Each structure stands twice: as C-alpha cells, then as structure tokens.
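Everything on this sheet refers to the single structure shown next.
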Amino acid sequence: MNLLMTIIVICTLLSAVLATVSFWLPQMSPDHEKLSPYECGFDPLGSARLPFSLRFFLVAILFLLFDLEIALLLPLPWGVQLIFPTTTFLWASAVLILLTLGLVYEWLQGGLEWAE
C-alpha cells in the first residue's frame with residue numbers, strides 16, 4: 001500500500017508542477033500575423049468563423065461510433081479463453097446488432113446522403 005501511495009503522490013505532484021509551468025512558460029504576444037486565419041499560405045478567402053454543415057458533424061459522429069465499435073471488439077479473440085465465452089460473444093453480438101440497427105435507421109432516414 002505504501003508503494004501505491006508513493007506512486008499516486010509522485011504522479012499528482014508531477015502533473016501539478018507541469019500544469020503550473022505550462023501557464024507561466026508560454027510567451028503571449030499576439031500580433032496581426034498570429035491572429036489572422038491561415039489557409040495554406042494564401043490570403044483568407046472568407047471568414048474563418050463560418051459554421052460547418054450539420055451533415056459533416058453527422059458523418060464525423062458516425063465515424064467515431066464505428067471506430068469505437070472496432071475498439072470494443074478487439075479483445076474478442078481473448079474471450080475464447082474465458083470460463084463462459086458464450087456470454088462474451090452474446091454481448092459482442094448485442095453491440096453489433098444495436099449498431100447495425102442504428103446504421104440501418106440512419107440510412108433509411110437519409111442521414112448518409114451527402115448531397116441532396
């Protein structure tokens with residue numbers, strides 16, 4: 001228990017010191033060049049504060065959702081070595097079915113159509 005407390009104290013102190021130093025270390029001197037939007041070396045064509053399309057966010061959320069699905073399914077091959085592997089595969093199948101139903105619903109609602 002003593003080793004665990006020592007590690008926790010060291011990690012807490014180290015993160016507090018690094019967070020404190022990060023507030024004092026940077027030099028804040030904004031000028032016109034730093035405040036202007038950067039577009040690959042060209043002069044800005046429009047406002048940099050225009051909102052993105054809602055479809056862009058929808059596709060981004062779908063990508064993150066299916067990326068998370070892959071991360072959840074990666075440990076499945078090790079599920080065979082458990083005492084009750086069928087429980088693991090039932091939960092994995094439930095996740096896959098739920099995500100597939102969500103994808104079908106999104107497809108039927110027209111959320112995956114990029115251009116109208």
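All values reported here derive from a predicted model rather than from experimental measurement.
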Among the clusters formed by ILVMFWY side chains lying less than 4.5 Å apart, do [X] and [Y] turn up in the same one?
X	Y	value
Leu82	Leu76	no
Leu62	Trp107	yes
Leu73	Val80	yes

Just how far is it from atom [atom1] of [X] to atom [atom2] of [Y], taken to the nearest 0.5 Å?
X	Y	atom1	atom2	result
Gln81	Thr88	CD	OG1	11.0 Å
Leu96	Leu103	CG	CG	12.0 Å
Leu25	Leu18	CG	CG	11.0 Å
Leu72	Phe66	CG	CZ	12.5 Å
Ile8	Leu13	CD1	CG	12.0 Å
Ile61	Glu106	CD1	CD	9.5 Å

Is any side-chain heavy atom of Leu65 closer than 4.5 Å to a side-chain heavy atom of Glu69?
no
Minimum heavy-atom distance between Ala16 and Thr20, given as atom pair plus value:
O-OG1, 2.7 Å
Which heavy atom of Gly79 sits nearest to which heavy atom of Pro85, and what is that distance?
O-CB, 3.2 Å
